[in-house]
Amino acid sequence: MTLGQTSASGPRTHSLLPFAFCTVLGLLLIAVIWVGIRGAIAEWHIEKARTLASQIEPELINAPSIASSTVDELADNTEEARLLTSDPVWRAFEILPWVGPQLRAASTLALSLDDVVDDSVTPLLGQLGGLDPSSLAPSSGAIDLAPLVEARDVSAQAATRARDAADRAAAIDTAPLLGALRGPVEQGVAQLDELAGALEALRNATVLVPAMLGADGPRDYLLMFQNNAEWRSLGGIAGTFAVLHTDGGRIQLGAQASSTAFENRAEPIVPLDPEILAVFGDHPGRWVQNTTEIADFRAGAPLAAEFWKAAGGGDVDGVISLDPVALSYLLNATGPVTLPSGPTLTADNAVPMLLNDSYRTITDPVAQDVFFSEATVAIFDALTNGSPDPGALLQGLGRAGSENRLLLWSAHEEEQAVLDGSTLQGTLPASDAESTPIGVYVNDSTGSKLSYYMSLGTTAQWCNATQSGNTATASVRVELQSGIPDELASLPDYMLARDPQNPGQNVGGTPIGVQRTITYVYLPEGAQYAGSQASTGEATFVGTHEGRQVISWWSDTPPGSTATLDVSLTAKRTADIRTVTTPTYRYHEIARVDNSCVLPQ
C-alpha cells in the first residue's frame with residue numbers, strides 16, 4: 001500500500017463523522033418538528049373535544065338524538081388526539097427531562113378523554129339514545145320505570161370506567177407544566193371529574209329511582225317542607241309534612257300534617273347522640289320543627305320519621321326534604337299553578353308568596369296550614385298529572401340538589417349507601433387534598449317568621465404562609481344583616497311571634513323585631529380553634545361533631561343593623577378554602593363579605 005493510498009483512506013474515514021453527526025441532528029430536528037406539529041394538532045382536537053363534552057350532559061337529558069351526532073364528533077376528536085400523542089416518537093420524547101412531563105400530560109389527558117367517550121358515553125348513549133325524555137316525566141300519576149331498570153348495568157359500567165379515566169387524569173403532575181399547558185390540562189381534568197360525577201349520578205338514579213318509586217313493591221316516604229322564613233341549619237323549620245306513596249311507578253299523595261299536629265315532648269323522642277346534645281342540646285328531639293337544626297340530614301331525618309310514627313303516621317321508607325325555593329324550580333317545569341283559594345303560584349312568585357305574603361294576608365295559623373296544604377297538592381298534581389317539561393324538571397331537581405334544597409334519607413341501608421358522597425345526603429362538608437370547607441349554619445331563636453328579611457354573608461381565607469406540617473392560620477367572617485321593614489308594627493302577631501304574656505317581646509324573649517340568631521361554625525376535620533371576636537353576643541367552643549370542632553355564636557340584630565363574627569383557626573393548607581352555608585331564601589345572593597384576617601386579640 002502506498003503512502004498516497006494510506007493518506008487518501010484516512011481522510012475519507014474521518015469525513016464520515018460530521019456527516020453522521022449532521023444526520024443524527026437532522027433526524028432529531030425532524031423528530032422535534034414531528035412531535036411539535038402533532039402536539040399542536042392534538043391540542044386543537046383536545047380543545048374541540050372539551051367544547052363538545054360540555055354539551056353532552058344537557059343533550060343526553062333534553063335531546064338524545066342531537067347527543068348522538070355530538071358524541072360521534074366528540075369520538076372523532078378524542079381518537080385523533082390519542083393517536084397523535086401515542087406514536088413511538090412521541091413516547092420516546094416522554095422520557096426526556098423538562099419536555100417529557102409536558103408530553104406525558106398531553107397524552108394522558110388525550111387517552112383519558114378517549115376512554116370516557118369509547119367506554120362510557122358511547123355505550124350509554126346506545127342504551128338511552130332512543131329514549132324520549134318525556135317518558136321520564138310523570139304521566140297520569142305514574143312513571144314508566146322500565147327504561148331506568150334496563151339502563152342499570154350499562155350506566156354502572158359507564159360510571160366506573162369514567163371514574164377510572166378521571167382518576168388517571170387527576171394523577172397528572174401539573175407542577176412542571178408550562179403555564180400555557182397547565183391551564184388547559186387542569187380544565188380538562190376538572191371536566192373529566194365533572195362528567196364522571198354526572199355519570200355516577202345517573203348510575204345512582206337507575207338504582208334509587210326505580211326502588212323508591214315502588215318497582216320492587218310499595219313504598220311510603222315522608223315529604224318534609226322546610227320553611228326558610230324561620231332559619232334552621234338545613235334551611236328552615238320543618239313546617240309541613242305529607243306522605244308520598246309509590247307503587248310500580250305510580251305516585252300518590254297521602255296524609256298531610258302541619259308541625260302543630262305533632263306533640264312537643266319533655267324528653268327527646270329517641271336518645272340523641274352525645275355529640276349532638278353537646279352542640280345543639282335536646283331541642284331537635286323534642287320539637288319536630290327543630291329536626292332540621294342538626295347540620296346533618298342523616299341525623300335529623302330519622303328523628304322526623306320517629307315523630308311521624310308517634311303521631312300515628314306509621315313507618316316510612318325514608319324522608320325527602322324540600323323548601324319553597326326548590327318548589328319554585330319545579331314550577332319552571334310545570335308552569336303556573338292556580339290554587340283552589342284563588343292565588344296562582346309561579347316560579348317567580350312562589351317563594352315570596354309562601355314565605356312572606358301568606359303570613360301578611362292570612363293571620364289565622366289554621367288558615368295558613370290550609371293554604372300550604374293547597375299549594376302542596378296543587379304543585380304535586382301538576383307534576384304527576386300535568387305535562388311538566390322533562391328537561392326543566394330534571395334541571396330543577398339537579399339545581400335543588402346542588403344547593404342542598406333537596407335532601408333524601410333512606411331507611412334502607414343499601415340505598416342510603418348509594419347516596420354516600422352526594423349532595424342529597426345533606427352531610428357536613430368534608431375536606432380533601434384540594435379543598436378546606438367550613439360550615440356556617442344559622443338558626444332563628446325568636447320563633448318569628450322574620451328570617452325572610454335577614455341576609456347572611458360569609459367568607460374564609462388563609463392569613464399567613466404555610467408553616468411546618470403544611471398548616472396555616474385561616475380566618476372566617478360571618479355577617480348577619482337585618483332588613484326588617486320599618487312598618488314592623490303592622491305585621492301580624494303570628495309573623496312577629498309576639499308573646500301574649502309580654503306583647504313587647506317575641507316568644508324567644510327578645511324585643512319585637514330584634515332577631516336572635518344562633519350560628520354554628522363547623523371547622524374542617526383536624527382543624528384547631530384559635531379564638532374569635534364578635535361584634536355582639538357571644539361565641540364559644542361547644543364541642544366536636546363528626547370530628548369537627550364547633551363554635552356557637554348567639555347574636556341580636558335589631559332592624560337595620562349588622563352583626564359580625566370572626567373566627568380564627570389553624571388547618572392543613574389547601575388551594576381552596578371556602579364556606580358552606582345554610583341554604584337560606586337568599587342563598588343565591590349570599591355575599592362574600594370583606595375579611596381582613598381579623599385575628600383574636
Side-chain angles (χ1 to χ4, degrees), residues 222-232 235-244 252-262 287-289 291-292 304 307-308 311 313 320-386 388 396 400 405-406 444 446-453 484-485 487 490-498 506-507 584-586:
L222 181 63
L223 279 178
M224 181 171 72
F225 296 96
Q226 295 193 50
N227 185 339
N228 313 90
E230 188 175 343
W231 279 348
R232 290 294 183 271
I237 61 168
T240 308
F241 300 82
V243 166
L244 189 70
Q252 295 177 318
L253 199 63
Q256 300 179 56
S258 165
S259 59
T260 57
F262 295 83
W287 287 273
V288 71
Q289 297 96 321
T291 55
T292 50
F307 272 104
W308 180 260
I320 303 171
S321 174
L322 295 163
D323 69 3
V325 182
L327 292 178
S328 74
Y329 298 160
L330 301 184
L331 284 166
N332 280 319
T334 66
V337 171
T338 301
L339 307 186
S341 57
T344 297
L345 290 176
T346 69
D348 294 327
N349 73 11
V351 174
M353 187 176 292
L354 293 171
L355 293 181
N356 188 254
D357 298 346
S358 60
Y359 293 114
R360 284 174 169 266
T361 58
I362 306 173
T363 58
D364 178 12
V366 175
Q368 288 169 358
D369 290 343
V370 172
F371 175 77
F372 294 139
S373 177
E374 280 186 353
T376 301
V377 172
I379 295 174
F380 175 82
D381 185 63
L383 286 170
T384 57
N385 295 310
R405 301 187 186 281
L406 171 62
D444 174 83
T446 67
S448 72
K449 299 298 181 288
L450 299 181
S451 294
Y452 179 85
Y453 299 105
I484 293 175
E487 65 271 19
S490 66
L491 299 179
D493 286 350
Y494 181 78
M495 191 173 182
L496 298 172
R498 193 184 299 275
N506 55 48
V507 294
T584 67
Y585 150 53
R586 301 178 188 275

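Just so you know, residue 1 is the first one in the sequence shown, and it goes up from there.
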Working for side-chain contact (heavy atoms from CB on, under 4.5 Å), residues Val351 and Asn356: CA-CA 8 Å; Val351 174; Asn356 188 254; over 6 Å; no
Decide yes or no on side-chain contact (heavy atoms from CB on, under 4.5 Å) for Lys449 and Asn227, but give the supporting numbers first. CA-CA 9 Å; Lys449 299 298 181 288; Asn227 185 339; 4.1 Å; yes
Side chain proximity check, [X] to [Y], heavy atoms < 4.5 angstrom:
| X | Y | answer |
| --- | --- | --- |
| Tyr585 | Pro324 | no |
| Phe225 | Leu327 | yes |
| Phe241 | Trp308 | yes |
| Ser258 | Phe372 | no |

Of all heavy-atom pairs between [X] and [Y], which one has the smallest distance, and what is that distance?
| X | Y | answer |
| --- | --- | --- |
| Ser328 | Ala350 | CB-CB, 4.3 Å |
| Ala242 | Gln256 | CB-CG, 3.7 Å |
| Ala304 | Thr291 | N-CG2, 3.9 Å |
| Met224 | Ala238 | SD-CB, 3.5 Å |
| Ala326 | Ala400 | CB-CB, 3.8 Å |
| Gly236 | Thr292 | O-OG1, 2.8 Å |

Atom pair [atom1] ([X]) and [atom2] ([Y]), whose distance is rounded to the nearest 0.5 Å:
| X | Y | atom1 | atom2 | value |
| --- | --- | --- | --- | --- |
| Phe380 | Leu223 | CZ | CG | 8.0 Å |
| Phe371 | Asp357 | CZ | CG | 8.5 Å |
| Leu253 | Asp381 | CG | CG | 9.5 Å |
| Arg232 | Ser451 | CZ | OG | 8.0 Å |
| Gln368 | Thr260 | CD | OG1 | 10.5 Å |
| Leu322 | Leu330 | CG | CG | 6.5 Å |

Given side-chain contact (heavy atoms from CB on, under 4.5 Å), test Leu491 with Leu450 step by step and report yes or no. CA-CA 10 Å; Leu491 299 179; Leu450 299 181; 4.0 Å; yes
Test your reading of the model: is there a side-chain donor-acceptor pair from [X] to the backbone of [Y], 3.5 Å cut-off?
| X | Y | answer |
| --- | --- | --- |
| Gln226 | Asp323 | no |
| Ser373 | Asp369 | no |
| Asp493 | Leu496 | no |
| Arg405 | Ser321 | no |

Which atom pairs, one a donor and one an acceptor, fall under 3.5 Å between side chains of residues 331-338 and the rest of the protein, sequence neighbours left out?
from	atom 1	to	atom 2	distance (Å)
Thr338	OG1	Thr344	OG1	3.1

I'd like to know if the side chain of Thr346 pairs up with that of Asp348 as donor and acceptor (distance under 3.5 Å, no hydrogens or angles considered). no
Can you classify the ring geometry of Phe307 versus Phe262 as parallel (below 30°), tilted (30 to 60°) or perpendicular (above 60°)? perpendicular
